[in-house]
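Read the structure below first, then the notes.
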2 protein chains.
Amino acid sequence: MALPRAARTQRRTRIQEAKEEQILEAALEVFSLHGFRGATVDQIAEVAGMSKPNLLYYFRTKETMHRALITRVLDTWLDPLREFDAEGNPVSEIRSYIRRKLEMARDFPRESRLFANEILQGAPNIEDELKGPLKSLVDEKAEVIRSWAKAGKIAKCDPYHLIFSIWSTTQHYADFDVQVRAVLGQGQSGEGRFEDAARFLEQLFLGGLNVSEQPSEA
Amino acid sequence: MALPRAARTQRRTRIQEAKEEQILEAALEVFSLHGFRGATVDQIAEVAGMSKPNLLYYFRTKETMHRALITRVLDTWLDPLREFDAEGNPVSEIRSYIRRKLEMARDFPRESRLFANEILQGAPNIEDELKGPLKSLVDEKAEVIRSWAKAGKIAKCDPYHLIFSIWSTTQHYADFDVQVRAVLGQGQSGEGRFEDAARFLEQLFLGGLNVSEQPSEA
DNA sequence: TGTAATGTTTACCAACCGGTCAAATTATCA
DNA sequence: TGATAATTTGACCGGTTGGTAAACATTACA
């Protein structure tokens, strides 16, 4: 038996790279729909178009696969927040952030659901990453928002809860898609859904944070 | 063998009522944490403090148990929206609704997570209830909100997305509790969490909807 | 080309899953 | 009390699960 991917030192074969990609794509599909415990290796293997032992040759356990998927997705998932620019115009920065998050909910709903499943079930595998890299990034951007409020550029508000509310409102359209569609009915379940949401959320957040509404010294 | 609960016609024994309560309580604990497919009957039986066959004497299948739990919780879960009063003052009605929803997220996080799990995984068992009773109730309240906007009492906005945003922001504190705690750190993870959230959300929604900000004819 | 490393498959296993069964125990009430 | 109905239990079953062993096929490369 050859050494599987876990034992590789430097170079990765073309075939390794392709297969691992193929597997993680299938794993995303299945994990995001059923959660960790609800997903089966057989199912992932079938979606990936390979036999179960072949899959387990690249990822020795179900958990290895899940962890690899989570860490990769978490990284790209935080990109919109990283782009948050302290030097930019507060109003347009917040507006862009909302828009980008909403686009991600529209274009990458599986990634959003993968996280939602993980967090919902107590985040047994990624608690460290939440308390580490995620918290650091949020702390940094919260400080930016606080400075904007202090300078009177936006209304004073708790920056952490502002970020939470942007996360929750935007990701809602990915995670609770079934409910949103059910409530809106067939008429508005099509494409216009996200445009309406974007318009509403812009009004909500820019209205709620507008400094004309709330003088910097209340 | 006696007839189990499914065959009862009218009267329920004290012992039946107590045991079924005991089982649903345990089922809520386990289903809300692991989802339907991730939860095991053995686990629920253990939490309920009884043997698996004994549990299955009251609920013949895992799905029966899950369905009973869902329908019961869905009913109480929608209470805050039902209290939404068309005759009341728009601003205080919306404020009360947010406060009640936030209190439910604080006091009944397991119920919130049960739904989140269900919706997230495609709501295979409750799609009908979403498209029926839930949609009807939301349609009714959306019409109320629209009439308030038309009368110039609040800013014009899409009432459906307003409701979605209230749901998502409040339930976030139950469903994503682990993440919220991780980001806020140990300092603010205690009790003050929900009070800060309430203050922020009130500012956000009442600011975003205030008619002084957005004349009824823009 | 030859051969060693890499990749793939078939057959299989022990543990666990939801659910059944019949026997044993307990509550009900004439 | 005694008989009948309701409840509880241990043993068990077929199917599924995550994972393994080893033979087989393919690729990389000297």
Side-chain angles (χ1 to χ4, degrees), chain A residues 1-24 26-27 29-31 33-70 121 124-125, chain B residues 1-24 26-27 29-31 33-70 121 124-125:
Chain A
M1 178 175 80
L3 288 180
R5 94 166 265 283
R8 86 191 136 82
T9 49
Q10 292 280 348
R11 199 169 292 276
R12 293 166 71 197
T13 323
R14 296 269 145 61
I15 215 167
Q16 271 182 356
E17 207 148 338
K19 292 276 173 168
E20 285 175 13
E21 198 63 30
Q22 198 174 333
I23 290 170
L24 289 181
E29 183 72 26
V30 177
F31 278 133
L33 201 54
H34 301 297
F36 180 76
R37 293 179 61 172
T40 73
V41 177
D42 298 78
Q43 213 176 345
I44 298 171
E46 191 191 332
V47 172
M50 63 181 74
S51 66
K52 181 170 64 170
N54 194 8
L55 185 154
L56 289 168
Y57 171 75
Y58 292 100
F59 295 93
R60 265 130 91 128
T61 69
K62 187 182 173 185
E63 202 189 320
T64 305
M65 194 166 41
H66 188 245
R67 201 186 302 268
L69 187 58
I70 288 264
Q121 302 187 2
N125 295 325
Chain B
M1 178 177 77
L3 288 180
R5 98 168 260 285
R8 83 190 138 80
T9 48
Q10 290 283 346
R11 199 169 292 277
R12 294 166 70 196
T13 323
R14 297 265 146 61
I15 213 168
Q16 272 182 356
E17 206 149 338
K19 291 276 172 168
E20 286 176 11
E21 198 64 30
Q22 196 175 334
I23 290 170
L24 288 181
E29 183 73 25
V30 178
F31 279 133
L33 201 55
H34 301 296
F36 181 76
R37 292 178 61 169
T40 73
V41 176
D42 298 78
Q43 213 177 344
I44 297 171
E46 192 191 332
V47 172
M50 62 181 72
S51 66
K52 182 171 63 170
N54 194 10
L55 184 152
L56 289 169
Y57 171 75
Y58 292 100
F59 295 92
R60 268 131 90 125
T61 68
K62 186 182 174 185
E63 202 188 321
T64 306
M65 193 166 42
H66 188 246
R67 202 185 300 269
L69 187 59
I70 288 263
Q121 303 185 2
N125 294 325

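Chain A is the first sequence line, chain B the second, and so forth, proteins listed ahead of strands; every chain is numbered from 1. When reading the values below, keep in mind they use all heavy atoms of this one structure, side chains included, and skip hydrogens, waters and symmetry mates.
Applying the 4.0 Å criterion to OP1 and OP2 of dA6(D), one finds that Tyr58(B) has every side-chain N and O outside that range. Applying the 4.0 Å criterion to OP1 and OP2 of dT9(C), one finds that Ser51(A) has a side-chain N or O inside that range. At the phosphate of dT9(C), neither OP1 nor OP2 sits under 4.0 Å from any side-chain N or O atom of Lys52(A). Between Tyr57(B) and dT8(D) there is no side-chain polar atom (N or O) within less than 4.0 angstrom of OP1 or OP2. Phosphate proximity of dA6(D) to Gln16(B): absent, as no side-chain N or O sits under 4.0 Å from OP1 or OP2.
Gln22(B) CD: more than 12 foreign heavy atoms inside a 6.0 Å radius. Counting non-hydrogen atoms of other residues, nucleotides and ligands closer than 6.0 Å to CD of Gln43(A) gives a total above 12.
Straight-line distance from the CG atom of Leu55(B) to the C1' atom of dA6(D): 17 Å, rounded to whole Å. The interatomic distance linking Leu56(A) (CG) with dA22(D) (P) rounds to 17 Å, in whole Å. Following rounding to the nearest Å, Arg60(A) (CZ) and dT8(C) (C1') show an atom-to-atom distance of 17 Å. The NE2-P distance, from His66(B) to dG18(C), rounds to 13 Å in whole Å. The interatomic distance linking Asp42(B) (CG) with dA15(C) (C1') rounds to 12 Å, in whole Å. When the C1' atom of dT17(D) is taken as reference, atom CZ of Arg37(B) falls 11 Å away, rounded to whole Å. Put simply, CD on Glu17(B) is 12 Å from P on dT7(D), counting in whole angstrom units. Atom CD of Glu46(B) is separated from atom P of dT9(D) by 14 Å (rounded to the nearest Å).
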For this session: Determine, step by step, whether Phe31(B) and Lys62(B) satisfy the side-chain contact (heavy atoms from CB on, under 4.5 Å) criterion, reporting the C-alpha distance in whole Å, the side-chain angles of both residues, the deciding distance to 0.1 Å, and the verdict.
Result: CA-CA 11 Å; Phe31(B) 279 133; Lys62(B) 186 182 174 185; 4.1 Å; yes

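For the atom pair Ile23(A) CD1 and Asn54(A) CG, the distance stands at 7.0 Å (nearest 0.5 Å). Rounded to the nearest 0.5 angstrom, Lys52(B) NZ and Ile44(B) CD1 are separated by 11.5 Å.
Residue Val41(A) has its side chain nearest to dG18(D) when only dG10(D), dG18(D), dT8(D) are considered.
The residue among Lys62(A) and Asn54(B) whose nearest nucleotide of DNA chain D lies closer to the 5′ end is Asn54(B).
Backbone-only engagement by Ala39(B) is indicated by non-hydrogen atom pairs under 4.0 Å involving sugar-phosphate atoms exclusively.
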